Amino acid sequence: MQTFKEKVLQVVSKIPKGTTLTYKQVAEKAGSPKACRAVGSIISKNYDPKIPCHRVIRSDGKIGNYNRGQDKKIKLLKSEGAI
DNA sequence: TAGTTGACCGGAA
DNA sequence: ATTCCGGCCAACT
């Protein structure tokens, strides 16, 4: 059992290729469905190449933000077939 | 320690 | 459909 931050990173790192999860879904899997905001904060600060944070999008179906730029995120999702 | 901020979400106008 | 407001959680100052 780890902290919420660790759990979130773990969940995100377990996202299969070509699959996109919403921040709320990640928060729910992490144990706090209402921590969707915290998830964004944690991921944004946790700059790690092992964490495919580009597979995490908003519930509205929008891309949201990304530490490398939304353009990179969109390209990655398109490359993986998530689009 | 307390206050503010942020890669969000859902509902209301 | 778009815009505004409140709420929840973690991190930063």
Side-chain angles (χ1 to χ4, degrees):
Chain A
M1 205 53 183
Q2 301 120 158
T3 56
F4 186 73
K5 182 183 73 171
E6 293 290 316
K7 281 188 266 190
V8 170
L9 298 172
Q10 200 93 36
V11 171
V12 175
S13 64
K14 284 179 168 70
I15 300 176
K17 177 174 176 288
T19 304
T20 49
L21 289 176
T22 66
Y23 291 98
K24 191 189 288 182
Q25 291 292 312
V26 175
E28 192 175 327
K29 293 170 197 294
S32 296
K34 296 178 221 178
C36 49
R37 210 159 186 182
V39 172
S41 287
I42 294 164
I43 297 173
S44 63
K45 275 139 197 166
N46 194 83
Y47 192 85
D48 194 334
K50 296 181 76 66
I51 309 297
C53 31
H54 62 270
R55 293 188 186 151
V56 186
I57 60 173
R58 294 186 34 149
S59 303
D60 305 90
K62 297 183 187 313
I63 296 299
N65 217 307
Y66 189 55
N67 45 20
R68 298 286 192 176
Q70 294 105 327
D71 179 66
K72 195 72 189 276
K73 184 171 181 178
I74 295 167
K75 285 181 178 179
L76 286 165
L77 292 172
K78 289 172 73 69
S79 296
E80 295 185 344
I83 304 294

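Being a predicted model, the structure only gives us computed values, none of them experimental.
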Q: To the nearest Å, give me how far apart OH (Tyr66(A)) and C1' (dC8(B)) are.
A: 18 Å
**Q.** Name of the residue among Ile74(A), Leu76(A), Ile57(A) meeting side chain to side chain contact (heavy atoms under 4.5 Å, CB included) with Tyr66(A)
**A.** Leu76(A)
Q) Quick one: does Lys73(A)'s side chain have a donor or acceptor within less than 3.5 Å of a partner on Ile63(A)'s backbone? A) yes
Q) Quick one: do Arg58(A) and Asp60(A) make a salt bridge, cutoff under 4.0 Å? A) yes
Q.
Could you go through Glu80(A) and Arg55(A), starting from their C-alpha distance and side-chain angles, then the distance that decides it, and tell me whether this counts as side-chain contact (heavy atoms from CB on, under 4.5 Å)?
A. CA-CA 9 Å; Glu80(A) 295 185 344; Arg55(A) 293 188 186 151; 2.7 Å; yes
Q) Can you check the Asp60(A) CG to dT3(C) C1' distance for me, whole Å? A) 13 Å
Between protein and nucleotides 9-13 of chain C, what N or O pairs are separated by less than 3.5 Å?
unit_1, atom_1, unit_2, atom_2, d
dC9(C), O2, Ala38(A), N, 3.3

Q) How many Å lie between NZ on Lys62(A) and C1' on dA1(C), as a whole number? A) 10 Å
Q. Does Leu9(A) offer a backbone N or O that forms a donor-acceptor pair with the side chain of Ser13(A) under 3.5 Å?
A. yes
